[in-house]
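The figures here come from the full heavy-atom set of this structure, side chains too, leaving out hydrogens, waters and symmetry mates. Within every chain, numbering begins at 1; the chains are lettered A, B, ... in the order of the sequence lines, protein sequences first and strands thereafter.
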There are 2 protein chains.
Amino acid sequence: MKVLTKNTDYAIRALLALAARKGSYLSAKCISTEHDIPYQFLRRLLQEMIRHGLIVSKEGVKGGFMMEMDPDTISVTQLIEIFQGKVQVSECMFRKQICGNRSRCVLRHEIMRIEQVVQSEFEKVTIGKLLRDLAEANQVIPKTAKIEQAVLNP
Amino acid sequence: MKVLTKNTDYAIRALLALAARKGSYLSAKCISTEHDIPYQFLRRLLQEMIRHGLIVSKEGVKGGFMMEMDPDTISVTQLIEIFQGKVQVSECMFRKQICGNRSRCVLRHEIMRIEQVVQSEFEKVTIGKLLRDLAEANQVIPKTAKIEQAVLNP
DNA sequence: ATAACTGATACTATATTGGTATCAATTAAA
DNA sequence: TTTAATTGATACCAATATAGTATCAGTTAT
Ligand code: FES
Ligand code: FES
């Protein structure tokens, strides 16, 4: 059971790229090559995100995509809903024969509670949070260390 | 995003049927017609559950399937794992370019934490619990009332 | 004018999900 | 001992979802 599909995965990564360079236009080609996302696939995802108002675009040379909004307002839940449809455990597990009264059904409540839990967990994970986490994780990688060394010993 | 597929949904219902009449053999045909589950589909699910030791079977006339174990030891998590594979949010969301060090990666921890939450929520939901919930929900339906009346006024 | 871009959309391939069909083996009972 | 009800095993089919490609028209900085 795979919770995040490629759609969502790629979308998150693209948004991270845009959030990292917020305010400037990044072309699909650039994002595609930098983050190893199939070009045409990515373009479709970006357009979908434009339709949902998560990013904006500019056509023509030096055009591309840009994030205008606060990355902390974009949650993984939103992206799951866009690319995989709203989280639903099971429409109604026990129809006719088994479950007598829908309205009072304890199971239905149980199911809806779990849906809530799953959703709210992903709600907490925003592009902003991921970006900060990544920055923190990358603080210790050799690459950064080398850059620091280069600066210190030119 | 559909969390439970038909496989799991049907399997749960079949197990509820077996748990409700624990100790006696129920044929696939019987379960199929009573709970509106496609016959051949159901048979495959039942066999899969036998392979995983959740139920036992008896061949021939008056044969069928039976639940021997405690219904409270069968969780929805187990069924999801059998029919949809282990819950995994994303193998590793940010390979190469973005994420420097796998071992310390904060994101990885985040992802694994969510996996844990989802799994443990479904862990709490056992066949036994569902059965009790159903019984409670059905306490007020007309059908039961009619049976009681029939018994009182034969 | 041209090359680097996005917008829109159609297309293909593969995997997963949902469902059906078939035949052999077993067993209770007529 | 034949028969009918049943499971075991497995192959098959259809529909849908996922992943990825291709194409062409329109926009814009240079
Ligand atoms: S499970 Fe659907 S009404 Fe009870
Ligand atoms: S997300 Fe995979 S190592 Fe960080």
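Although no hydrogens or angles enter the test, the distance criterion places no donor-acceptor pair under 3.5 Å between the side chain of A/Glu121 and the main chain of B/Arg113. With B/Thr8 contributing its side chain and B/Ile80 its backbone, the two residues share no donor-acceptor pair below 3.5 Å. Between the A/Ser75 side chain and the A/Thr126 main chain, no donor and acceptor come within less than 3.5 Å of each other.
Atom-to-atom, CG of B/Asp36 to P of C/dG19 comes out at 11 Å; the value is rounded to the nearest Å. Look at CZ on B/Arg43: it is 10 Å from C1' on C/dT22, rounded to the nearest Å. Look at CG on B/Asp9: it is 9 Å from P on C/dG18, rounded to the nearest Å. To the nearest angstrom, P of C/dA4 lies 16 Å from NZ of A/Lys58. As rounded to whole Å, 12 Å separates atom P of D/dT21 from atom NZ of A/Lys6. A/Gln84 places its CD atom 7 Å from the P atom of D/dT18, with the value rounded to the nearest Å. Atoms CZ (A/Phe65) and C1' (D/dT27) sit 13 Å apart, rounded to a whole Å. The distance from atom CZ of A/Phe83 to atom C1' of D/dG20 is 15 Å, rounded to the nearest whole Å.
When all heavy atoms of B/Ser32 and B/Leu42 are compared, the pair lying nearest together is N-CD2, 3.6 Å. Looking at every heavy atom in both residues, A/Met67 comes nearest to A/Leu15 through CE-O, 3.5 Å.
Heavy atoms of B/Leu46 sit nowhere under 4.0 angstrom from any nucleic acid atom.
For A/Tyr10, counting side-chain heavy atoms from C-beta on, the closest listed nucleotide (C/dG19, D/dA9, D/dG20) is D/dG20. Counting only heavy atoms from C-beta on, B/Gln40 has its side chain closest to C/dA21 among C/dA21, C/dG7, D/dG8. Residue B/Val61 has its side chain nearest to C/dA28 when only C/dA28, D/dT18, D/dG8 are considered. Set against D/dT27, D/dG20, C/dT22, the side chain of A/Glu59 has D/dT27 as its closest nucleotide.
Within the 4.0 Å cut-off from OP1 or OP2 of C/dC5, not a single side-chain nitrogen or oxygen of A/Ser57 is found. Residue B/Thr5 places no side-chain N or O under 4.0 Å from the OP1 or OP2 atom of C/dT16. The phosphate of D/dA5 has neither OP1 nor OP2 within less than 4.0 Å of any side-chain N or O from B/Ser27. Residue A/Tyr39 places no side-chain N or O under 4.0 Å from the OP1 or OP2 atom of D/dG20. Taking 4.0 angstrom as the limit, A/Lys2 places a side-chain polar atom (N or O) nearer than this to OP1 or OP2 of D/dA19.
Map B/Arg44 and A/Gly64 each onto its nearest nucleotide of DNA chain C; the residue landing nearer the 5' end is A/Gly64. Where A/Lys62 and A/Leu42 meet DNA chain D, the nucleotide closest to each residue was compared, and A/Leu42 sits on the side nearer the 5' end.
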